A.B. asks: 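The structure's right below; bear with me while I get my questions together.
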Amino acid sequence: MKCKKCGSDALIKTDDWIECASCGAKMFDTEIKTEEGANPTKEIEQMESQAPVKSKPEESFEESEQEGEPKKSKAREAIEFLAPIVIAVIVAILLKTFVFANAIVPTGSMLNTIQKGDRIIASRLAYINEDPERYDIVIFEYPDWQIDPSCPKDKPTYFVKRIVGLPGETVEIVEGVVYVTKADGETIQLDDEFVTNCIPTGDYGPFVVPEGCYFMMGDNRNDSHDSRFWTNKFVEKDKILGKVKFKYYPGISSIE
């Protein structure tokens with residue numbers, strides 16, 4: 001038997017090991033037999049070959065797909081949840097401030113066109129490029145709200161009425177019938193097909209409508225607190241919030 005490292009046959013055997021006297025290499029004595037007659041070196045090699053190979057645990061598809069993506073913080077999740085809500089609120093506020101005006105009609109002064117308790121929508125854009133016209137139904141700031149004891153003093157009160165008199169015209173009511181003398185001198189009797197099914201009564205006027213102002217009346221002529229009775233009888237154009245377009249409660253329908 002020779003040294004596998006240097007080829008020298010100067011070997012010194014100690015128990016189960018053999019040491020080369022020339023290079024000092026140590027080798028296991030492969031000539032030793034186990035009780036069953038097996039070669040111990042071969043048994044070790046066989047055990048190593050049969051040992052299960054430890055592999056890296058397989059990652060799930062979701063874990064591998066998400067690998068490298070930063071985990072969202074609680075603050076970011078909250079922002080992503082709240083952002084659509086905040087945007088929707090801002091859009092609603094902008095629409096209400098610059099595009100639409102809504103109101104609940106608390107009285108029957110506009111019967112039968114608008115019922116008591118109806119909720120209505122008016123367009124704030126209706127009079128940007130046009131002037132209000134006769135028979136338009138509008139939401140406006142009540143001219144007497146600061147002197148009327150029935151109104152709160154911290155903010156304006158808004159009314160809903162129909163325009164019957166335009167700037168420069170003269171309005172007169174005789175036995176409930178409304179007559180308007182236009183700026184050119186022509187006198188007309190107003191259309192009253194939208195007036196409540198009752199006979200209007202009373203004599204009022206004449207009222208000369210100033211430039212830039214409008215004379216208002218309710219369709220329920222015998223039960224409407226309007227220009228006929230106000231201290232400040234006319235509504236300035238910049239006090240008109242918008243033209244009423246439709247009601248949305250209790251039912252949806254257009255208003256003319």
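The analysis underlying the following values was restricted to heavy atoms, covering all of them including side chains, and did not include hydrogens, waters or symmetry mates. The structure displayed is predicted, hence computed values, not measured ones.
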A.B. asks: Hey, is the main chain of K233 close enough, under 3.5 Å, to the side chain of S227 for a donor-acceptor pair?
C.D. replies: yes
A.B. asks: Give me the atom names and distance for the closest heavy-atom approach of I240 to F140.
C.D. replies: CA-CB, 4.0 Å
A.B. asks: So, does N220 use its side chain to make a donor-acceptor pair with the main chain of M110 at under 3.5 Å?
C.D. replies: no
A.B. asks: Using only atom types and a distance under 3.5 Å, with no angle test, would you say the side chain of R228 pairs donor to acceptor with the backbone of R221?
C.D. replies: yes
A.B. asks: With clusters defined by side-chain heavy atoms of hydrophobic residues (ILVMFWY) lying less than 4.5 Å apart, directly or transitively, does I163 cluster with F159?
C.D. replies: yes
A.B. asks: Please name the residue in the list V180, T170, I173 that meets the side-chain contact (heavy atoms from CB on, under 4.5 Å) test with F207.
C.D. replies: I173
A.B. asks: Under 3.5 Å, side chain of K239 to main-chain N/O of E236, donor-acceptor pair present?
C.D. replies: no
A.B. asks: Tell me the closest heavy-atom pair linking K153 and Q146, and the distance in Å.
C.D. replies: CE-O, 3.2 Å
A.B. asks: Using the six-membered ring of Y135, assess whether NZ or CZ of R162 lies under 6.0 Å from its centre and within 45 degrees of the ring axis.
C.D. replies: no
A.B. asks: Ignoring hydrogens and angles, tell me if any N or O in the side chain of S123 forms a donor-acceptor pair with the backbone of L125 under 3.5 Å.
C.D. replies: yes
A.B. asks: Does the side chain of D136 come under 3.5 Å of the side chain of Y127 through a donor N or O and an acceptor N or O?
C.D. replies: yes
A.B. asks: Could you tell me which non-hydrogen atom of D118 sits nearest to which non-hydrogen atom of Q115, and how far apart they are?
C.D. replies: OD2-N, 2.9 Å
A.B. asks: Would you check, one step at a time, whether the test side-chain contact (heavy atoms from CB on, under 4.5 Å) holds for V177 with Y179?
C.D. replies: CA-CA 7 Å; V177 179; Y179 298 93; 3.6 Å; yes
A.B. asks: How close do P132 and L166 get, heavy atom to heavy atom, and via which atoms?
C.D. replies: O-CD2, 4.0 Å
A.B. asks: Minimum heavy-atom separation for I139 to A101, with atom names?
C.D. replies: CD1-O, 4.2 Å
A.B. asks: Would you name the heavy atoms of I104 and G117 that are closest together and state the gap between them?
C.D. replies: CG2-O, 4.1 Å
A.B. asks: Just by modelled atom types, is the E175 backbone N or O under 3.5 Å from a matching donor or acceptor in the D203 side chain?
C.D. replies: yes
A.B. asks: Do D148 and Y142 have a side chain donor and acceptor closer than 3.5 Å?
C.D. replies: yes
A.B. asks: Are the side chain of S109 and the backbone of S224 linked by a donor-acceptor contact shorter than 3.5 Å?
C.D. replies: no
A.B. asks: R134 side chain to V164 main-chain N or O, any donor-acceptor pair under 3.5 Å?
C.D. replies: yes
A.B. asks: Less than 4.0 Å between a side-chain N and a carboxylate O, is that true for K161 and D226?
C.D. replies: no
A.B. asks: Starting from the C-alpha separation in whole Å, work towards a yes-or-no answer on side-chain contact (heavy atoms from CB on, under 4.5 Å) for V209 and V171.
C.D. replies: CA-CA 8 Å; V209 185; V171 180; 4.2 Å; yes
A.B. asks: Given salt bridge (charged side-chain N to carboxylate O under 4.0 Å, His left out), test K182 with D184 step by step and report yes or no.
C.D. replies: CA-CA 5 Å; K182 299 181 181 180; D184 60 7; 5.8 Å; no
A.B. asks: Does either side chain, that of K245 or that of S254, offer a donor lying less than 3.5 Å from an acceptor on the other one?
C.D. replies: no
A.B. asks: Would you please say whether a donor-acceptor pair under 3.5 Å links the side chains of T113 and D219?
C.D. replies: yes
A.B. asks: Aromatic rings F215 and F234: how do their planes relate, parallel, tilted or perpendicular, breaks at 30° and 60°?
C.D. replies: tilted
